[in-house]
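These notes are about the structure you will find just below.
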2 protein chains.
Amino acid sequence: MPTVSSEELAAAAGVNSAKLRKDFSYLGSYGTRGVGYDVEYLVYQISRELGLTQDWPVVIVGIGNLGAALANYGGFASRGFRVAALIDADPAMAGKPVAGLPVRHTDELESIITDNDVSIGVIATPAGAAQQVCDRLVAAGVTSILNFAPTVLSVPEGVDVRKVDLSIELQILAFHEQRKAGEETSPAQETAAATAPPRSGAGVRAGAAGGRKGPDGDVPAVMPA
Amino acid sequence: MPTVSSEELAAAAGVNSAKLRKDFSYLGSYGTRGVGYDVEYLVYQISRELGLTQDWPVVIVGIGNLGAALANYGGFASRGFRVAALIDADPAMAGKPVAGLPVRHTDELESIITDNDVSIGVIATPAGAAQQVCDRLVAAGVTSILNFAPTVLSVPEGVDVRKVDLSIELQILAFHEQRKAGEETSPAQETAAATAPPRSGAGVRAGAAGGRKGPDGDVPAVMPA
DNA sequence: ATGCCTTTGTGAACGCGTGCACAAAGATGG
DNA sequence: CCATCTTTGTGCACGCGTTCACAAAGGCAT
């Protein structure tokens, strides 16, 4: 029986072995003292807990470059996701095959959701269309949304939204890059005063940031991780 | 002079106002007691600290659906990023315009990096090509990499890598979705035993997970946020 | 069967980040 | 010029998650 110790796993993942064991114990997965964890059993338990053993039908709305990229992405199937339908508002796209699936028109959105019992939707539309698409998805019964459009979506209680902002990742890299570059010179503070604008003038609109539910734990309020 | 109080900002962002003030104080941004923060000055200070005031040339390697989507993404320019070049290994792509830029062949990678003083690279290639592209980018002087390919890249000390795995986001949604569904029924534990495989059989290879530098703070070792 | 060795599971301590609460500071009005 | 009011900046305490450290447990050799 192939096994792994928490120590091996911890080293491979770069985390503390005690934390790993404690996490596993929360999952109810039991290892064998003096031996470790049965690999196959462990994989199964984690997969099940994460929902990987279930089949999750998803729809992708907005079949531009990004939508097509997502439709072609191979990683979904292996993680238990099945692309139930591709939906686009452009009538010219309708019927056109993308990644082996015919693109369906937005008119069919509601029936597609209902017929396939879809609870997860992916929004890859332009920013302007995102909220409207979101509302329709939710109304049709979708309770989890992955949003690639650069907008904050407001959703009713009980619906989960995760926003993927491709430029935020780049910003975080640029932030660290700047740090690297700044280390051998002055502590940034100095150069600031030199180029800072006078503290006056017409401003940016403050406040008014859509109905988010609360802190999402990904990005601290001000500083990137 | 338009101003905002920490209280307003905190309410809009859904965070605690004290935390916000403390964060600002770390940045050295000074507000005015009894008034608040000068909006324009604050925006400028945060932008500067985050590196938004600098011009960051980036290259995108791998111009498939995803690469094209990134090239067309409008959010980059406004955050201080400039797409210096699009690079693809397919000779048939060379010269073809994508998002207004001619695609360059991989042969030119090194000279492009050097000539444009690029320090940030985006990898949108298939998994198989990613590590090789990564090595070439690093050798040419790139010190920050945004990786969309489903592989763990190993890089030398001093190079930052951020991995964007599109299916992980979906997995997190599915995880919460499962929780929602499971609440009104049994506590998962029960159903497990019924369908669990016997604790034996040929296993999955353990250990061996490339040279990551350390915990990255994004996703806990076991449980999604 | 007994003792030793390995690794788990977890109680307890430590450290860090968050939030509270308040003094200091500045604006504003009389 | 003084009193009052608002809002910042921050010391302090609380709580949570991580890590340490060790007893319990199981395997394995003799």
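The sequence lines fix the lettering, A, B, ..., with proteins before strands; numbering per chain opens at 1.
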Whole-Å distance between [N] [atom2] and [X] [atom1]?
X	N	atom1	atom2	value
Arg21(B)	dG19(C)	CZ	P	12 Å
Leu42(B)	dT8(D)	CG	C1'	13 Å
Lys19(A)	dC16(D)	NZ	P	16 Å
Glu7(B)	dC20(C)	CD	C1'	12 Å
Phe24(B)	dT7(D)	CZ	P	15 Å
Asn16(B)	dC14(D)	CG	P	17 Å
Tyr26(B)	dG9(D)	OH	P	13 Å
Asp38(B)	dA27(C)	CG	P	13 Å

Exercise for review: May I ask you to decide if Glu8(A)'s main-chain N or O and Ser5(A)'s side chain share a donor-acceptor pair within less than 3.5 Å?
Suggested key: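 Yes, the answer is positive, given that a donor and an acceptor are paired below the 3.5 Å cut-off.
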Check your understanding: Side chain of Gln54(A), backbone of Gly51(A): donor and acceptor closer than 3.5 Å?
Key ->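 Absent.
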Practice item. Kindly say whether, by distance alone, the side chain of Arg33(A) makes a donor-acceptor pair under 3.5 Å with the base of dT7(C)? Key: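 Donor-acceptor pair under 3.5 Å: no.
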Review point. Any N or O donor-acceptor pair linking the side chain of Lys22(A) to the base of dG11(C) at under 3.5 Å?
Key: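 Answer is yes: a donor-acceptor pair is held.
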Exercise for review: Start with the C-alpha distance between Asp165(B) and Tyr73(A), add both sets of side-chain angles, then the distance that settles side chain to side chain donor-acceptor pair (under 3.5 Å), and finish with yes or no.
Suggested key: CA-CA 10 Å; Asp165(B) 183 341; Tyr73(A) 184 60; 3.3 Å; yes
Counting just side-chain N and O atoms, does [X] come under 4.0 Å of either OP1 or OP2 of [N]?
X	N	value
Thr32(A)	dG26(D)	no
Ser6(A)	dT8(C)	yes
Tyr37(B)	dG9(D)	yes

Review point. What residue among Leu137(B), Val142(B), Val138(B), Leu153(B) forms side chain to side chain contact (heavy atoms under 4.5 Å, CB included) with Val159(B)?
Key: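 Checked Leu137(B), Val142(B), Val138(B), Leu153(B) against Val159(B); only one passes side chain to side chain contact (heavy atoms under 4.5 Å, CB included): Val138(B).
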Check your understanding: Quick one: on DNA chain C, does Ala18(B) or Ser5(A) contact a more 5' nucleotide (nearest heavy atom)?
Key ->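 Whichever sits nearer the 5' end wins; that is Ser5(A).
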Review point. Is a salt bridge present between Glu49(B) and Arg179(A), judged by a nitrogen-to-oxygen distance below 4.0 Å?
Key: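 Result for this pair is yes, salt bridge flagged.
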